[in-house]
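Start at 1 and go down the list; that is how both ligands and their atoms are numbered.
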Amino acid sequence: MQNEMSIDQLVAEMNPCIAAVTTAETENNSVPRFNQLKTVAYVNAEFRVHDDIPEALKQSIFSQSVTYPAKLRFANATQKDDSAKDIRGLSMQLSQVDGEVLWGEAGLQDFILNSYPALFVATPEDFLEFIRARQQGKFKMLLFFTTHFKALCTVIKSRKHCLSPLDIQYWSTVPFRLGESGNQVVKYSLIPCSEYKTKQAVDAGENQLRAAIKAHLQQGSACFHFAVQLQTDPDTMPIEDAAVIWDEAVSPFIPVATITIENQDFDNPESLAIGERSRFNPWQCLAAHAPLGRMNAVRREVYAHAAALRNKMKE
Ligand code: HEM
């Protein structure tokens, strides 16, 4: 069993390793993200809170049926070629939200999700080990995965081919508070609900997912339900093990809002550059949606540091 490190210690160890990895991958004076490096699309959307959600979930931004402007960044975790197997990312930023944020810019509320319901590692100590291995090169990465067999299995299961990022489900994987009292713990998911589905790969080479989004929006708007899953059993639905999937048969995701993406011109260098420069942080949120657990605690300073480095290099 590993010794638990302090959050400050973890952040202090992770930041220089992440900076070394990303600056080594700099191209055209542009430092990529450490994770979810390819911006597939950066689009405008609206986030409409439902008026018929269960009373217990009517908290903070979900307390009234209002519509927030939203920005969505669709990404590939590691691959520049969209046709390759990968984990996909979906980062969403609501604006015009009332109340104080825990970090960042007032009025914004971020949600950061992946296309698999669990993370490949359980603890931030394991994540640090992975980051160190990545910095040290391919042999150390191989060693990491041979000594972390469960992580290897999760990575294999979670890397998939994708026909369109608008047709797959995304999960927060780690938990968040719901409400001011702190009694309710939830995970989030985005569940696709468009009528139109991409049936075959759009022929556009390494940017086929961007082309699939464009083709979809030209047929009609895209839709996702935003849903919350309540923690109903702290033993089988732990806060501190990010590698555990909370059983949807025990606690199903309950839709609380609908995200609509209308047709728009996003496939141009300016929009993609804005998506590249964008920054998300799970702590850019209201206290009623506070990130929970040590994995999330580490992300506050790590994401801030990584985004500052990316944007400093672009100046
Ligand atoms: C200790 C845990 C974690 C660390 C150290 C970490 C590290 C990072 C870093 C450094 C970035 C780049 C940030 C930037 O340049 O702006 C990033 C981005 C991202 N991470 Fe994590 N991560 C962690 C956990 C997670 C978890 C639990 C998820 C689950 C959803 C996740 C999903 C993502 C996504 C979707 C992005 C892209 C965000 C964007 O669009 O800007 N990460 N991560």
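- With a 4.0 Å heavy-atom cut-off, ligand 1 is reached by the backbone of Ser172 but not by any atom from C-beta on.
- Ring geometry for Phe47 versus Tyr68: interplanar angle of 30 to 60°, hence tilted.
- In this structure, Arg279 does not count as a contact residue of ligand 1, since none of its heavy atoms falls inside 4.0 Å of the ligand.
- For ligand 1, the polar-atom distance check finds an N/O of Arg310 within less than 3.5 Å of one of the ligand's N/O atoms.
- Using a 4.0 Å cut-off between charged nitrogen and carboxylate oxygen, Glu25 and Arg134 count as a salt-bridge pair.
- Checked for salt-bridge contact, Glu27 and Lys80 meet the test: a charged N lies under 4.0 Å from a carboxylate O.
- Applying the disulfide bond (SG atoms under 2.5 Å apart) test to Cys223 and every residue at least two apart in sequence or in another chain returns Cys193.
- Note: an N/O pair closer than 3.5 Å links Arg73 and ligand 1 by distance alone.
- Scanning the protein for heavy atoms near atom 4 (C) of ligand 1, the closest one is Phe127 CZ, 3.7 Å.
- Atoms of the protein (N, O or S only) found under 2.8 Å from atom 21 (Fe) of ligand 1 are Tyr303 OH.
- Atom NZ of Lys160 is surrounded by 12 or fewer heavy atoms from other residues, nucleotides or ligands within 6.0 Å.
- Looking only at protein heavy atoms, the nearest one to atom 38 (C) of ligand 1 is Ser91 OG, 3.4 Å.
- A 6.0 Å sphere centred on CG of Asp203 holds no more than 12 heavy atoms belonging to other residues, nucleotides or ligands.
- Counting heavy-atom neighbours within 6.0 Å of Lys140 NZ, excluding the residue itself, gives a total of 12 or less.
- Each of Tyr188, Trp283, Phe111, Trp171 was checked for a ring-ring contact (aromatic ring centres under 6.0 Å, His included) with Phe176, and the lone residue meeting it is Tyr188.
- Protein heavy atom nearest atom 13 (C) of ligand 1, with residue, atom name and distance: Ala306 CB, 3.9 Å.
- Residue Arg33 has at least one nitrogen or oxygen atom sitting less than 3.5 Å from a nitrogen or oxygen atom of ligand 1, judged on distance alone.
- Between the CD atom of Gln284 and the OH atom of Tyr303 there is a distance of 13.0 Å, given to the nearest 0.5 Å.
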